[in-house]
There are 2 protein chains.
Amino acid sequence: MSTWIRHAWIGPVKLTRLSDIRRKELRQAAFTVLEREGIAGATLEKVAAQAGASKGIVLHYFRNKQELFEHAMREANAVLCHAVVARLQRARTPMERLNAVIEGNFEEHLFLPPLCHAWLSLCAEVPRDEKLARIQKVIHARMRSNLMSGLRGLASPEQADEIVLGVTALIDGLWLRLGLQPGSVTREQAVRQVKDFVAGRLALRQAAPVGLASAG
Amino acid sequence: MSTWIRHAWIGPVKLTRLSDIRRKELRQAAFTVLEREGIAGATLEKVAAQAGASKGIVLHYFRNKQELFEHAMREANAVLCHAVVARLQRARTPMERLNAVIEGNFEEHLFLPPLCHAWLSLCAEVPRDEKLARIQKVIHARMRSNLMSGLRGLASPEQADEIVLGVTALIDGLWLRLGLQPGSVTREQAVRQVKDFVAGRLALRQAAPVGLASAG
DNA sequence: TCAACAATTGACCAATGGGACAATAAATCG
DNA sequence: CGATTTATTGTCCCATTGGTCAATTGTTGA
C-alpha cells in the first residue's frame with residue numbers, strides 16, 4: 001500500500017486527482033482490515049496502518065468511520081459488478097447471459113473466504129446503517145436486472161421473478177457457506193449448483209407446477 | 001426479563017439451579033442486544049441493562065464477553081433446532097421428513113428480521129472465534145443429517161449430497177435476504193422456493209445430468 | 001442461629017477508540 | 001517566486017469498554 005499505485009490505472013478509470021487516489025487506497029485498506037478484524041475490530045488506526053498513513057489522514061478524507069466503510073462497501077461491490085459486466089458483454093444468447101451472471105458471481109480470484117468475511121461484516125451492519133442498506137438495495141436491483149436480461153428469453157415473467165429470487169438467494173447462500181466453512185464448497189461446485197438450479201426450474205416450466213413439492 | 005421466568009419451564013428442560021436460570025436470562029439478553037446493536041455495538045453494559053442487572057453480574061456468570069456471545073449463539077441455535085426436530089418427529093415418509101426440515105427452518109415465529117440480524121452478526125465473527133466456528137460446524141452437520149434422513153429414500157447418495165449442499169445454501173440465502181431486505185421474501189415464498197428446488201433436482205434425476213445447465 | 005456460600009452491586013482501572021485541532025510540509029498556480 | 005490551497009502528522013481530549021475487586025446482601029443448610 002505504498003506509492004506504486006500513484007500513477008497506475010485502477011479499474012476502468014484513471015485517477016488523476018491525488019485525493020481520489022488516496023481515497024481509493026484508504027477504501028481498500030479499510031476493506032482489508034475488515035477481512036482480518038471484522039467490523040468490531042476494524043479501527044481507524046488499523047486502517048491507517050494498513051494504508052501506511054496516520055489516523056488523521058483517514059478522517060481528512062472521510063467524515064467519519066461510517067462513511068469510510070460505506071465507501072469500502074461500494075468499492076467491493078464495484079469490483080464484483082465489473083466481473084459480471086465483463087462477462088455479460090461477451091454473451092450473445094439469453095442462456096449465455098445467464099451463465100455470464102452466474103460465473104461472474106463466482107469469479108476465481110474473488111470467490112475467496114477473506115473477501116466473504118469482510119462482506120459478511122458489512123452485511124451485518126446493514127440493518128443499522130441507512131447508506132449500507134441503500135447500497136445493498138442497488139446491488140440486488142442490478143443483480144436482478146442482469147439475471148432478467150437472460151431469463152426474459154427463457155421463461156414467463158412470473159416464473160422469471162421466482163427464479164431470480166431463488167438464484168440470488170442461492171448465490172448468497174453459497175458465498176455464506178464459503179465464509180463459514182472455507183473449503184466446503186469450490187467455485188466449480190457453486191457454479192454447478194446454480195446452473196442446475198436454473199435448469200431444474202426451467203425443466204419444470206410446463207410440468208405441473210406443484211409436483212413433488214406439494215406431496216407434504 | 002424480571003423474575004417471572006424463575007419457576008417456569010424453559011424449553012424442554014426445567015431449570016432448577018438459580019445460576020442456570022440467570023445464565024439463560026443473560027444469554028437471551030445478549031441475543032436481544034445483538035438484534036438491536038450488532039456485534040460492534042453489543043456491550044456488556046447494554047446486555048446487563050437488557051437483563052435488568054448490573055454489568056458485574058454478567059461477568060460473574062460468564063468468563064468474558066466472548067464466552068457470553070458463544071452461549072448466545074448456542075441458545076439461538078437450540079431454538080431453531082427444536083423447531084425442526086418437533087416437526088421431524090411427526091413426519092412419517094421421507095418426503096414428509098424433508099418438508100419438516102424445510103418448513104421448520106422457516107417457522108413463522110422465528111423467520112424474523114431481528115433474529116436474522118443477530119444471527120448475521122454472530123456469523124460474521126465466526127472466522128475469528130474458534131468456538132463460534134465449531135458451533136457453526138455442528139449446526140451444519142445436524143442440518144445435513146436431518147436432510148439426509150429424508151433424502152436417502154429419494155435419491156442416490158451422490159445426488160443427495162449435492163442436493164443437501166444446494167438446500168442448505170438456499171435456506172441460508174433466503175434468511176440472508178430476509179435480513180437485508182425485510183419484506184422482500186415471505187415465509188411461504190421461502191418454503192416454496194426450497195421445495196421447488198428439491199422437486200426440480202429430483203425431477204432431473206434420471207434426465208441427462210448436464211441438460212440445459214451446460215449450454216454455456 | 002450461625003457459618004458458609006452464592007448472588008449482586010458499584011467503584012475503580014487501564015486501555016482504546018473516535019474525533020477535533022493546531023502545526024507543519026508539499027504542492028500548485030498566478 | 002510568493003501566496004494560497006492541500007496533504008499529513010502528532011497530540012490532545014473525552015467517552016466508552018472490558019475486566020477486576022472488595023464489600024454487601026441474601027440464601028441455605030447444619
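Atom set for the values below is all heavy atoms of this structure, side chains included, hydrogens, waters and symmetry mates excluded. All chains are named by letter (A, B, ...) in the order of the sequence lines, taking the proteins before the strands, and each is independently numbered beginning at 1.
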[X] [atom1] to [N] [atom2], straight-line distance once rounded to whole Å:
X       : N      : atom1 : atom2 : result
A:Arg63 : C:dG19 : CZ    : P     : 12 Å
B:Arg23 : C:dT8  : CZ    : C1'   : 16 Å
B:Phe62 : C:dT8  : CZ    : C1'   : 15 Å
B:Leu44 : C:dC13 : CG    : P     : 20 Å
A:Ile21 : D:dT6  : CD1   : C1'   : 14 Å
B:Glu67 : D:dG18 : CD    : C1'   : 14 Å
A:Leu68 : C:dG19 : CG    : P     : 10 Å
B:Leu59 : C:dT8  : CG    : P     : 14 Å

Original post:
Within the structure shown, what part of the strands sits under 4.0 Å from B:Ile57 by heavy-atom distance: base, sugar-phosphate, or nothing?
Top reply: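 It contacts base atoms.
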Original post:
Heavy atoms under 4.0 Å, any strand shown: does A:Ser54 hit a base, just sugar-phosphate, or nothing?
Top reply: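 Counting heavy atoms under 4.0 Å across all strands, the contact made by A:Ser54 includes a base.
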OP1 or OP2 of [N] under 4.0 Å from side-chain N/O of [X]:
X       : N     : result
B:Arg22 : C:dT8 : yes
B:His60 : C:dT8 : no
B:Tyr61 : C:dT8 : yes

**OP:** May I ask you to check if B:Arg23 and B:Phe62 form a cation-pi contact, with NZ or CZ under 6.0 angstrom from the six-membered ring centre and within 45° of the axis?
**Re:** yes
Subject >> Closest listed nucleotide, where the reference is the side chain of A:Lys65 and the choices are D:dT17, C:dG19, D:dT9 >> reply: C:dG19
Original post:
Between C:dA7, D:dA7, D:dT17, which one does the side chain of B:Ser19 approach most closely?
Top reply: C:dA7
**OP:** Look at the aromatic rings of B:Phe111 and B:Trp175 and report parallel, tilted or perpendicular, splitting at 30° and 60°.
**Re:** perpendicular
Original post:
Less than 3.5 Å between a donor and an acceptor, one on the side chain of B:Lys55 and one on the base of C:dG10, is that the case here?
Top reply: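 There is none.
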**OP:** Check each of A:His82, A:Arg87, A:Arg187 against A:Glu107 using the side chain to side chain donor-acceptor pair (under 3.5 Å) test, and report the only one that passes.
**Re:** A:Arg87
Original post:
Listed by chain and number, what are the salt bridge (Lys or Arg N to Asp or Glu O under 4.0 Å) partners of B:Arg90, not counting sequence neighbours?
Top reply: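 Counting only residues at least two positions away or on another chain, B:Arg90 forms no salt bridge (Lys or Arg N to Asp or Glu O under 4.0 Å).
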Could you give the side-chain donor-acceptor pairs of residues 33-40 of chain A under 3.5 Å, partners two or more places apart or in another chain?
from: A:Arg36; atom 1: NH1; to: A:Gln50; atom 2: OE1; distance (Å): 3.0
from: A:Glu37; atom 1: OE1; to: A:Lys46; atom 2: NZ; distance (Å): 3.4

